Amino acid sequence: MSPNLSRAIPVLLAIVATTVAVLPSLAEAISQSALAGRWQGVLVAGEHELRIVFHVEGKDDQSLKATLDSPDQGALEIPIAAVRVDGSSVRFEIRVLNATFAGELDKEQRAIEGDWEQAGLTFPMTVTKATTESAEP
């Protein structure tokens with residue numbers, strides 16, 4: 001083996017190891033940037049239908065910050081204690097309401113299909129990412 005090649009191998013291994021170590025954080029950043037924005041849907045609970053709006057923004061490179069609106073109830077900017085992302089799974093924890101919304105982000109990253117859980121009850125709900133044209137007040 002040539003001396004140049006023997007010196008290059010450790011450098012190449014270090015580059016590969018660094019790249020592999022960074023890949024999971026890049027995947028997480030992509031998921032988080034995909035979640036940033038306004039997500040809206042309708043919660044159907046028996047005879048009641050309530051519009052639900054999640055406002056998600058990047059807090060920093062490692063976390064997300066979110067609030068919840070329920071316009072039909074006049075409730076705005078309800079704090080969301082945690083937004084958790086694991087692969088395509090997303091979970092919003094709304095502790096002040098003792099509620100969660102957990103679901104799967106679709107491949108187009110435009111909808112989250114999941115379940116709203118509160119007070120021991122579970123209701124299916126889908127929220128879609130709003131575009132400026134589709135955003136409701």
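Since the model is a prediction, treat every value here as computed from it, not as a measurement.
In the hydrophobic clustering of ILVMFWY residues, with side-chain heavy atoms under 4.5 Å counting as a link, L50 and F54 come out apart. Following chains of ILVMFWY side-chain contacts shorter than 4.5 Å, one can reach W116 starting from L121, so the two form part of one hydrophobic cluster. Residue V56 is grouped with residue V96 when hydrophobic side chains (ILVMFWY) are merged at heavy-atom distances under 4.5 angstrom, including chains of intermediate members. Cluster membership for I78 and F123, using ILVMFWY side-chain heavy atoms within less than 4.5 angstrom, is shared.
Considering only residues two or more places apart in sequence or on other chains, D72 meets the salt bridge (charged side-chain N to carboxylate O under 4.0 Å, His left out) condition with R51.
Within the model, atoms CG of L35 and CD of Q109 stand 8.0 Å from one another, a figure rounded to the nearest 0.5 Å. Expressed to the nearest 0.5 Å, how far CZ of R38 lies from CG of D69 amounts to 7.0 Å. Interatomic distance, CZ of R91 versus CG of D86, reported as 11.5 Å (0.5 Å rounding). Interatomic distance, T126 OG1 to L43 CG, rounded to the nearest 0.5 Å: 11.0 Å.
Taking 4.5 Å as the limit, every side-chain heavy atom of E113 sits out of range of all side-chain heavy atoms of D106. Using a 4.5 Å cut-off on side-chain heavy atoms (C-beta onward), T131 and R110 make contact.
Here the closest non-hydrogen pair linking V44 and E49 is CG2-CG, 4.0 Å. Contact record, P71 with V53: CG-CG2, 4.3 Å, taken as the closest heavy-atom pair. Annotation for A111 and T128: closest pair CB-CG2, 4.0 Å, computed over non-hydrogen atoms. Contact record, F92 with I80: CD2-CD1, 3.9 Å, taken as the closest heavy-atom pair.
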Show which side-chain atoms of residues 97-105 pair as donor or acceptor with protein atoms under 3.5 Å away, not counting sequence neighbours.
{"unit_1": "E104", "atom_1": "OE1", "unit_2": "S88", "atom_2": "OG", "d": "2.5"}
{"unit_1": "E104", "atom_1": "OE2", "unit_2": "S89", "atom_2": "OG", "d": "2.6"}

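A donor-acceptor pair is defined here as one N or O able to donate and one able to accept, closer than 3.5 Å; such a pair exists between the side chain of K129 and the backbone of A36.
For residues 67-90, no residue pair satisfies the ring-ring contact (aromatic ring centres under 6.0 Å, His included) rule, not counting sequence neighbours.
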